[in-house]
Amino acid sequence: TTPCDRPAPPTAGLSHDKWEIDPSEMVLLEELGAGQFGVVRRGRWRGCKDTAVKMMKEGTMSEDEFIEEAKVMTKLQHKNLVQLYGVCSKHRPIYIVTEYMKHGSLLNYMRHPTHNQLGPAVMLDMCMQVCEGMAYLEKHNYIHRDLAARNCLVGAENVVKVADFGLARYVLDDQYTSSGGAKFPIKWAPPEVLNYTRFSSKSDVWAFGVLMWEVFTRGKAPYGRLTNPEVVEMVQRGQVLDKPSACSNDIYNVMRGCWRHAPEERPAFRVLREQLAGVLAD
Ligand SMILES: CN(C)c1ccc2c(c1)CCN(c1cccc(-c3cc(Nc4ccc(C(=O)N5CCOCC5)cn4)c(=O)n(C)c3)c1CO)C2=O
């Protein structure tokens, strides 16, 4: 049998936690880019498993809290969530090891000239896949806090998965974490987050509506060149994004449901899934 089929060796006693990955079993390959926590590289685990390895830059993440949370995150398993395989936390920098998605972020994928011709049916299917992943997180009372096309990844055959869910809680850069900061995702935030940073699965639903708009505009920037304060003003006034040309009225109505001012008026992801399935059928 190829080494891939070799069953994982039983963890050596209780000391070796199953979410702890032995770095000697990881070969680091090319750089995939840089994110909130520093450089991310492609990796090969145990000679055959493709992975992505975040190498935590010092001072970017509250590491001990994250390592504690990693035990919970490895249990979140769904076909539309980027799987966390484990962490290498016995050395610095710590590594976060996840499943590898070969086409990179959904935002760049939509903007890429060769995918610029994707039809509405494929766009709707991609939104549905994100919705499935988010419905799973909602069911497990897990809030993403930074859902956007840039934080979803594309694999083979237009498979789309939600990535980096929950990580916003461990970012130390207050330019990112405070709603007044330059890096705060204002254009994906509902009124209750802008005013009280009150995150919930219903604030993820608002962000999902903006993600749908990103997909149907093939990766346009929401609100164009408006500044963050101008967007805050618009959102507080109840003004929402216009209908993308590639988008039917039915689909635009689903987006608008995500942008209702009151969180409780917005549909849950498990309801959104039915709404999108209804549109798909038409
Ligand atoms: C706090 N929050 C919300 C965070 C925290 C960290 C990160 C992010 C958000 C999102 C950005 N990010 C990050 C940074 C760097 C890499 C990855 C990243 C990139 C992957 N894949 C690829 C594949 C190909 C390419 C590529 O170069 N191309 C060009 C040629 O055509 C195909 C595509 C790029 N990435 C991948 O599989 N994972 C799991 C993560 C990721 C995603 O993980 C982070 O590391």
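Since this is a predicted model, take the numbers as computed values, not measurements. Just so you know, ligand 1 is whichever comes first in the structure, and atom 1 is the first atom listed for that ligand.
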>> Tell me the nearest of Val53, Asp146, Thr60 to atom 3 (C) of ligand 1, using heavy-atom distances.
In response: Asp146

> Which of the listed options, Met56, Met55, Glu99, Met61, holds the heavy atom that is closest to atom 39 (C) of ligand 1?
Replying inline: Glu99

>> Any salt bridge linking Arg273 with Glu132? Criterion: basic side-chain nitrogen under 4.0 Å from a carboxylate oxygen.
In response: yes

> Does a salt bridge link Arg92 with Glu63, judged by any charged N lying under 4.0 Å from a carboxylate O?
Replying inline: yes

Evaluate the side-chain proximity of [Y] to [X]: yes if any heavy-atom separation is below 4.5 Å, no if none is.
{"X": "Ile94", "Y": "Val87", "value": "no"}
{"X": "Arg237", "Y": "Glu233", "value": "yes"}
{"X": "Asp204", "Y": "Tyr142", "value": "no"}

Does the side chain of [X] come under 3.5 Å of the side chain of [Y] through a donor N or O and an acceptor N or O?
{"X": "Glu20", "Y": "Ser89", "result": "yes"}
{"X": "Ser248", "Y": "Asp250", "result": "no"}
{"X": "Gln236", "Y": "Asn195", "result": "yes"}

Would you mind telling me if ligand 1 is within reach of the side chain of [X], the backbone, both or neither, using heavy atoms under 4.0 Å?
{"X": "Ala163", "answer": "neither"}
{"X": "Asn151", "answer": "side chain"}
{"X": "His103", "answer": "backbone"}
{"X": "Ala34", "answer": "backbone"}
{"X": "Lys54", "answer": "side chain"}
{"X": "Phe37", "answer": "side chain"}

For [atom], grab the closest protein heavy atom and report residue, atom and distance to one decimal in Å.
{"atom": "atom 42 (C) of ligand 1", "result": "Asp164 OD2, 3.4 Å"}
{"atom": "atom 18 (C) of ligand 1", "result": "Val40 CG1, 4.2 Å"}
{"atom": "atom 34 (C) of ligand 1", "result": "Leu32 O, 3.6 Å"}
{"atom": "atom 12 (N) of ligand 1", "result": "Gly35 CA, 3.9 Å"}
{"atom": "atom 25 (C) of ligand 1", "result": "Gly104 CA, 4.1 Å"}

> Going from CE on Met73 to OH on Tyr85, what distance comes out if it is rounded to the nearest 0.5 angstrom?
Replying inline: 15.0 Å

>> Please report the interatomic distance NE2(His78) to CE(Met134), rounded to the nearest 0.5 Å.
In response: 11.5 Å

Which atoms of ligand 1 have any heavy atom of [X] under 4.0 Å away?
{"X": "Lys102", "result": "23 (C), 24 (C), 32 (C)"}
{"X": "Gly33", "result": "15 (C)"}
{"X": "Thr98", "result": "39 (C)"}
{"X": "Leu153", "result": "36 (C), 38 (N), 39 (C), 40 (C)"}
{"X": "Val171", "result": "1 (C)"}

> In terms of hydrophobic clustering (I, L, V, M, F, W, Y; side-chain heavy atoms under 4.5 Å; direct or indirect links), are Val40 and Leu153 co-clustered?
Replying inline: no

> If Ile, Leu, Val, Met, Phe, Trp and Tyr residues are connected whenever their side-chain heavy atoms lie under 4.5 Å apart, and connections chain through other members, are Val205 and Leu137 in the same group?
Replying inline: yes

> Does Tyr176 reach ligand 1, in the sense of a heavy atom lying below 4.0 Å from it?
Replying inline: yes

>> Below the 3.5 angstrom mark, is there an N/O of Met101, backbone or side chain, next to an N/O of ligand 1?
In response: yes

>> Classify the ring geometry of His91 against Tyr95: parallel below 30°, tilted from 30° to 60°, perpendicular beyond 60°.
In response: perpendicular

>> Under 4.0 Å from atom 31 (O) of ligand 1, can you find at least one protein heavy atom?
In response: no

> Are there protein heavy-atom neighbours of atom 28 (N) of ligand 1 below 4.0 Å?
Replying inline: no

